[in-house]
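FYI, side chains are in, hydrogens and waters are out, and symmetry mates aren't considered; it's all heavy atoms of this structure. By convention in this document, chain letters (A, B, ...) are assigned in the order of the sequence lines, proteins followed by strands, and residues within each chain are numbered from 1.
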Amino acid sequence: MTDLRELVEAAGGERPAPTAAGAATTPCVGLRTGGRWFALEAATIGEVVALPPITRVPAAGSHVLGVAMLRSRLVPIVDLDRMLTGIATPRSERGRVAIVRAAALELGVVATETRGLLELPVADGAGAGDGTDDGAAGPEGASGASGASGGEREGVPWIAREVQHAAILYAVIDAPALVRAALGVAR
Amino acid sequence: MSADTPPRVPVLCFGASGLRFAVPVAAVAALDAAAPAAVSLAALLGLEPHAAATRTVTVTGGDRARALVVDAPLLLRVLDVGDVVPAPVALPRNPAVLGFARIDDELVQLLDTERLLAAS
């Protein structure tokens, strides 16, 4: 499978690209967990793989589903919905795991489905419902349902901001903060 | 064998709550001994009990010994350094879980009996 991170870095890494409207964007990958959509900067994603067998680990925390063997190494697998609400992300045949690398750590995030690449506005000037939908070809089958209230996400340190794109509200994840929060690592 | 060669360690593998674990054979005092005071390994690790054919394994650690109820099958294997899979950095886990190994195409969690019994 193509290493998405290498691909993105070869294409210029995190350099924002101007849109037709002049707003800078960054490539992201969309993750749906049940009814919620999240987005991670593509540069933080090593790869996206089909849901692998997961081995539970005693006392790992309810949001840590366990570890999975990927390319001869073990990766912790976490459930974002459990981190947010305590309710598990539904499993599906299209289930995927996005491997996130940040803060010198690595973890897998379970997703019901993934979509990418999305060109989402960079942090400056971006925000929920700020009309930043650039009208670019978005995820097919976009429901328009955000699935979670902004209030639910308030105070969650690993959610950097919310961005509306192609009729979907994405909670953009701060990857280093997510990895640290999921694994209980201090900054 | 050179002094730098990592040791090969005989281990006893067994189950608990649908997972596979292993302890060094050197830390096993008895198998299937009658032990009314045996405790469930699953409970000791904070896991849900899992219906399975059970066995009793008495393990030692430090100056303690304890009979543990585990799930069959019990398998004896010799662990080579190449079988060990490094644990992910910062993986939250029970301190008794030392690490992981690939044994018979299964991921097995290696238990430190001293830490396990210290927590019991």
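Here the straight-line distance linking atom CG of Leu107(A) with atom CG of Leu91(B) works out to 10.5 Å at 0.5 Å rounding. The CG atom of Leu47(B) lies 6.0 Å from the CZ atom of Arg56(A); values are rounded to the nearest 0.5 Å. Summarising the geometry, atom CD belonging to Glu106(B) is positioned 9.0 Å from atom OG1 belonging to Thr55(A); distances are rounded to the nearest 0.5 Å.
Shown here for Val64(A) and Pro92(B), the closest heavy-atom pair between the two residues is CG2-CG, 4.2 Å. When all heavy atoms are compared, the tightest approach of Ala59(A) to Asn94(B) is CB-N, 3.6 Å.
A 6.0 Å sphere centred on CZ of Arg94(A) holds no more than 12 heavy atoms belonging to other residues, nucleotides or ligands.
Val25(B) and Leu68(B) end up in the same hydrophobic cluster when Ile, Leu, Val, Met, Phe, Trp and Tyr side chains are linked at under 4.5 Å. Note: the hydrophobic cluster containing Leu98(B) does not contain Val78(B) (ILVMFWY, side chain heavy atoms under 4.5 Å, direct or indirect links). Residues Val23(B) and Leu44(B) share a single hydrophobic cluster, defined by chaining ILVMFWY side chains whose heavy atoms lie under 4.5 Å apart. In the hydrophobic cluster analysis, where Ile, Leu, Val, Met, Phe, Trp and Tyr join through side-chain heavy atoms closer than 4.5 angstrom, Leu111(B) is grouped apart from Ile103(B). Val108(B) and Val67(A) fall into different hydrophobic clusters, where Ile, Leu, Val, Met, Phe, Trp and Tyr are joined by side-chain heavy atoms under 4.5 Å apart, directly or via other members.
Only the backbone of Val75(A) comes within contact range of chain B, with heavy atoms under 4.5 Å apart. Heavy atoms of Leu183(A) lying under 4.5 Å from chain B belong to its backbone as well as its side chain. Only the side chain of Arg102(B) comes within less than 4.5 Å of a heavy atom of chain A; its backbone N, CA, C and O stay farther away.
Side-chain atoms of Leu107(B) and Leu74(A), non-hydrogen and from C-beta on, do get closer than 4.5 Å to each other. With a 4.5 Å cut-off on side-chain heavy atoms, Gln109(B) and Val57(A) count as touching.
Most heavy-atom pairs under 4.5 Å with chain A: of the set Ala16(B), Gly46(B), Ser17(B), Pro86(B), this distinction falls to Ser17(B). With chain A as partner, the option from Val97(B), Leu19(B), Val89(B) having the largest number of non-hydrogen pairs under 4.5 angstrom is Leu19(B).
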